[in-house]
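Before any comments, here is the structure.
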2 protein chains.
Amino acid sequence: MSSRNEITKLLTFFREINPISREAEQALTNLASLVSIKKNLDLQPTGVTCRTIYFVHSGLARIYYYKDGNEITEYFAFTNDIIVRAESLFTGKPSKKAIQAVEDTVFIGIPSAQLFQLYDLFPDIERLFRKIIESAYVDTVNRIESIQFHTAEERYKQLLSENPSMIQRIPLKHIASYLGITQVSLSRIRAIR
Amino acid sequence: MSSRNEITKLLTFFREINPISREAEQALTNLASLVSIKKNLDLQPTGVTCRTIYFVHSGLARIYYYKDGNEITEYFAFTNDIIVRAESLFTGKPSKKAIQAVEDTVFIGIPSAQLFQLYDLFPDIERLFRKIIESAYVDTVNRIESIQFHTAEERYKQLLSENPSMIQRIPLKHIASYLGITQVSLSRIRAIR
DNA sequence: CCTTTCTTTTTACATATGTTAAATAATCAG
DNA sequence: CTGATTATTTAACATATGTAAAAAGAAAGG
């Protein structure tokens with residue numbers, strides 16, 4: 001499969017969110033490039049300002065950071081999911097977070113500076129990305145509710161029912177920190193049948 | 001102060017986020033209207049789809065909902081803050097959440113359908129609101145980190161140092177549910193001097 | 001295939017927060 | 001001002017999750 005075909009798949013996904021003109025699709029395609037990262041390696045390290053917006057083409061990735069010496073997973077991205085360290089991209093500050101391939105992963109990268117220039121030429125593209133962020137915002141608000149008002153056991157079981165493959169594909173230590181608990185707690189929860 | 005002057009104050013605030021043309025400002029002003037709500041009364045009830053984007057002109061408001069019969073405060077909005085039930089606005093579904101005035105509050109309301117039409121006429125306005133949502137998204141991601149990796153005591157003390165007036169202006173029961181703890185827990189935390 | 005390393009589970013104990021109920025304190029309406 | 005309502009604190013006990021250390025299991029490299 002050529003690079004262009006891989007980007008076409010992402011454009012197809014974009015059409016469901018917000019259709020954009022053929023010229024706009026072409027402009028996006030010209031900006032986009034593929035990056036392959038082997039399992040457990042970082043796509044982007046901490047300490048650098050985020051200047052690229054990534055989508056997962058294949059594989060599985062995560063955003064993580066360190067808290068008191070412990071690695072915390074903040075987000076998992078599957079096929080077609082956006083993966084971006086928003087707190088750095090939107091503020092211009094160096095990111096304290098890193099992006100890592102959980103499996104061998106192919107990313108589609110779009111340089112943010114050039115994308116923002118396209119916003120001026122193609123309001124449709126700006127609208128597309130506005131809607132992507134709106135959707136991410138709603139997801140995040142819902143996640144706060146999930147964290148604050150469900151026990152770790154409830155959150156684990158919900159994750160298990162909504163996305164059972166995660167348990168197979170992702171080390172439990174990452175799932176534990178994503179759920180906001182220790183690995184020991186997760187193990188205990190899993191043991192209760 | 002006339003209604004127009006109150007909206008002018010909001011436009012001044014908008015200029016710092018993303019300047020828009022004079023025509024765009026005029027179009028926004030034409031859409032905007034003022035709503036005054038007395039303390040403890042709802043601006044928007046639950047069960048209805050959110051069709052208006054509000055900003056706080058003066059006073060103080062919150063978004064809340066019911067969880068197992070208990071009232072949970074999700075968000076506080078101060079002067080110039082946006083207050084909107086995003087999970088309903090962006091999905092078109094009825095909201096399970098309500099907006100309430102914590103003090104006598106003046107809101108500036110912008111009907112979402114008409115605002116979205118303005119996006120077509122004035123890409124600057126769409127950009128302004130994209131940036132507002134991006135900023136809200138970053139705030140929300142940071143809040144997840146705060147909830148997951150700080151104790152309730154740490155979160156209370158941070159809130160106290162960042163925004164001490166909240167403790168005076170808002171009943172502690174609302175602050176407790178905002179922090180994700182019971183009022184009893186908050187009281188205990190406060191007692192430790 | 002074996003050794004090393006990484007991941008997951010188990011155990012024992014510590015602690016933060018929840019639950020329920022009652023006591024105080026503050027606010028509000030008449 | 002006064003009684004009623006609402007908000008806040010306190011107490012006693014229950015429970016979920018954290019911490020530390022060790023054991024067991026799985027994966028990876030030579």
Side-chain angles (χ1 to χ4, degrees), chain A residues 37-42 60 62 64 66-73 76 100-104 144-160 164-193, chain B residues 37-42 60 62 64 66-73 76 100-104 144-160 164-193:
Chain A
I37 303 288
K38 286 281 176 196
K39 178 174 176 171
N40 291 335
L41 295 183
D42 283 0
L60 161 53
R62 67 184 183 116
Y64 72 96
Y66 287 94
K67 187 93 192 175
D68 305 329
N70 299 311
E71 219 182 62
I72 305 293
T73 295
F76 292 111
Q100 186 179 81
V102 176
E103 303 171 346
D104 291 359
I144 288 181
E145 186 180 329
S146 162
I147 293 169
Q148 273 188 319
F149 305 109
H150 293 93
T151 64
E153 182 175 348
E154 289 169 331
R155 280 178 276 143
Y156 173 73
K157 285 182 175 164
Q158 184 178 351
L159 186 145
L160 201 58
S165 76
M166 281 178 73
I167 313 298
Q168 270 90 53
R169 295 170 71 186
I170 304 173
L172 290 173
K173 61 179 176 179
H174 296 161
I175 291 180
S177 73
Y178 177 74
L179 290 173
I181 56 179
T182 61
Q183 192 172 356
V184 174
S185 264
L186 179 56
S187 196
R188 197 156 32 198
I189 285 165
R190 284 160 54 81
I192 312 172
R193 229 215 37 88
Chain B
I37 302 288
K38 286 281 174 195
K39 177 175 179 172
N40 290 334
L41 294 183
D42 283 359
L60 160 52
R62 68 185 183 116
Y64 73 96
Y66 287 93
K67 188 92 191 176
D68 305 330
N70 299 311
E71 218 182 64
I72 306 293
T73 295
F76 293 111
Q100 186 179 82
V102 176
E103 303 171 344
D104 291 358
I144 287 181
E145 186 180 330
S146 161
I147 293 169
Q148 273 187 319
F149 306 110
H150 292 94
T151 63
E153 184 177 344
E154 289 169 332
R155 278 177 278 143
Y156 173 73
K157 285 182 174 164
Q158 184 177 352
L159 185 145
L160 201 59
S165 76
M166 281 178 73
I167 311 299
Q168 269 89 53
R169 295 170 71 184
I170 303 172
L172 290 172
K173 62 179 175 179
H174 296 161
I175 290 179
S177 72
Y178 177 75
L179 291 173
I181 57 178
T182 60
Q183 191 173 357
V184 174
S185 264
L186 178 56
S187 196
R188 195 157 33 198
I189 285 165
R190 284 161 53 81
I192 312 172
R193 237 242 34 110

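In what follows, every chain begins at residue 1, and chains take the letters A, B, ... in the order their sequences are listed.
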Next item on the list: Return no unless some side-chain N or O of Arg190(B) is found under 4.0 Å from OP1 or OP2 of dT9(D).
Entry: yes
Next item on the list: Ignoring the backbone of Lys39(A), work out which of dT19(D), dA7(D), dA28(D) is nearest its side chain.
Entry: dA28(D)
Notebook entry, point to check: Reckon Thr151(B) touches a base, only the sugar-phosphate, or nothing at all at heavy-atom distances under 4.0 Å?
Noted result: sugar-phosphate
Next item on the list: Would you grab the first and last nucleotide of DNA chain C (5' to 3') that comes under 4.0 Å of any non-hydrogen atom in chain A?
Entry: dT7(C) to dA12(C)
Margin query: Distance check needed: dA11(D) C1' versus Gln183(B) CD, whole Å only.
Written below: 16 Å
Notebook entry, point to check: When you check the gap from the basic side-chain N to the acidic O, do Asp104(B) and Lys39(B) get nearer than 4.0 Å?
Noted result: no
Item checked: Sub-4.5 Å side-chain heavy-atom contact between Ile167(A) and Leu172(A) -> yes
Next item on the list: Check whether any side-chain heavy atom of Leu179(B) sits under 4.5 Å from a side-chain heavy atom of Ile189(B), and report yes or no.
Entry: no
Checklist line | Residue closer to the 5' end of DNA chain C, Leu186(A) versus Thr182(B) (nearest nucleotide) | finding: Leu186(A)
Item checked: First encountered from the 5' end of DNA chain D, between Arg188(B) and Asn40(B) -> Asn40(B)
Item checked: salt bridge (Lys or Arg N to Asp or Glu O under 4.0 Å) partners of Lys67(B), counting only residues at least two apart -> Glu145(A)
Check: What integer distance in Å separates Phe149(B):CZ from dT19(D):C1'?
Finding: 16 Å
Note to self: So, using salt bridge (Lys or Arg N to Asp or Glu O under 4.0 Å) as the criterion, who are the partners of Glu71(B) when residues are at least two apart?
What the structure shows: Arg62(B)
Next item on the list: Any chance you could measure Lys173(B), atom NZ, to Ile72(B), atom CD1, to the nearest 0.5 Å?
Entry: 12.0 Å
Note to self: Nearest heavy atom decides the nucleotide; on that basis, is Gly180(B) or Ser187(A) closer to the 5' end of DNA chain C?
What the structure shows: Ser187(A)
Margin query: Nearest whole Å is fine: how far is dT17(D) C1' from Ile147(A) CD1?
Written below: 15 Å
Check: Expressed in angstrom and rounded to an integer, what is the separation of Asp68(A) atom CG from dA20(D) atom P?
Finding: 11 Å
